[in-house]
Amino acid sequence: MSKTSLLTSLLLCAAVGTASAGGQAGSIGVGAQYQLSGIGGLSVNYDTGLFHVGGALGFADPQGPTPATFELSGRFYYHVHHSAFADFGLGGSIGFASVPVGMAPNSTRATDVFLEPGFEIRAFLSSNVALSATAGIVIGAADAGGVAIAGSTIGGTGGPLFDAGVGIHYYFY
């Protein structure tokens, strides 16, 4: 091999960035995300490398006399630590749900608001597929009163609360 070819190969290798996974700046992830309160659905994340922001939209229209439920949420997590295949973020989310109370035609609607400060761990199964798990405190506001920490109930009126914040996203970059 000539000296010119060797020099060109070395320059080309030096110019190419290293492959990395997890929290790549400028990437957009699509998938599904559920908060600790159970609010969630189809989701989009934008990752800046230092933090990620996202939102989810959920809708359910069961058959029968029960009216539809609408859900909307947003989240922000600052990456305190990251590695090649995972990151740990501090932040939280806010969720809104418009839920039916009673059966049609006499049903009314409740507006549940949930504030959820906490942390999120994202594990990248490959360079662009992430599983996430969230833990924290759930604070119910508006029509959703009460406070919960994993396994507790909101308002103390029933069984266990859906208390797993989970997600999966495919990132494009």
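Computation of the quantities below employed the complete heavy-atom set of this structure, encompassing side-chain atoms and omitting hydrogens, waters and symmetry-equivalent molecules.
The main-chain N or O of F88 is never found under 3.5 Å from a side-chain atom of H82 such that the two would form a donor-acceptor pair. Under the 3.5 Å distance criterion, the side-chain polar atoms of E116 are matched with a main-chain donor or acceptor of S37.
Note that CZ of F119 is 8.5 Å distant from CG of L90, once rounded to the nearest 0.5 Å. With rounding to the nearest 0.5 angstrom, the CD atom of Q33 is 7.5 Å from the OG atom of S73. The OG1 atom of T69 sits 10.5 Å away from atom CD1 of I39, with the distance rounded to the nearest 0.5 Å. Here CG of D87 is found 6.5 Å from NE2 of H52. Values are rounded to the nearest 0.5 Å. Rounding to the nearest 0.5 Å gives a distance of 6.5 Å between NE2 of H81 and OG of S83.
Taking the side chain to side chain donor-acceptor pair (under 3.5 Å) definition, one finds that S43 meets it with R75, H169, sequence neighbours left out. Applying the side-chain contact (heavy atoms from CB on, under 4.5 Å) criterion to A68, with sequence neighbours excluded, gives F59, D61, F70. Legend: residues meeting side-chain contact (heavy atoms from CB on, under 4.5 Å) with F51, ordered by chain and number and at least two apart, are T48, V53, F76, Y78. In terms of the side chain to side chain donor-acceptor pair (under 3.5 Å) criterion, T111 has no residue partners (sequence neighbours excluded). Not a single side-chain contact (heavy atoms from CB on, under 4.5 Å) links L42 to another residue, sequence neighbours left out.
Residues V99 and I94 do not share a hydrophobic cluster, clusters being chains of Ile/Leu/Val/Met/Phe/Trp/Tyr side chains in contact below 4.5 Å.
At least one side-chain heavy atom of V30 sits less than 4.5 Å from a side-chain heavy atom of F172. Looking at D47 and R122, their side chains come closer than 4.5 Å, going by heavy atoms from C-beta outward.
In terms of heavy-atom proximity, A110 sits nearest to V101 at CB-CG2, 3.7 Å. Contact between E71 and G38 at its shortest, heavy atoms only, is OE1-O, 4.2 Å. Taking every heavy atom of both residues into account, F124 and A130 meet most closely at CE2-CB, 3.6 Å.
Between S98 and R109, the side chains place a donor N or O and an acceptor N or O closer than 3.5 Å (distance only, hydrogens not considered). Between the side chains of S132 and Y77, no donor-acceptor pair of N or O atoms lies under 3.5 Å. A donor atom on one side chain and an acceptor atom on the other are found under 3.5 Å apart for Y171 and N45.
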Side chain to side chain contact (heavy atoms under 4.5 Å, CB included) evaluation trace for T134 with V166: CA-CA 6 Å; T134 308; V166 295; over 6 Å; no
Worked check of side chain to side chain contact (heavy atoms under 4.5 Å, CB included) between N128 and Y173: CA-CA 8 Å; N128 60 340; Y173 46 87; 3.7 Å; yes
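By the 4.5 Å side-chain criterion applied to Ile, Leu, Val, Met, Phe, Trp and Tyr, L72 is assigned to a cluster that also includes L57.
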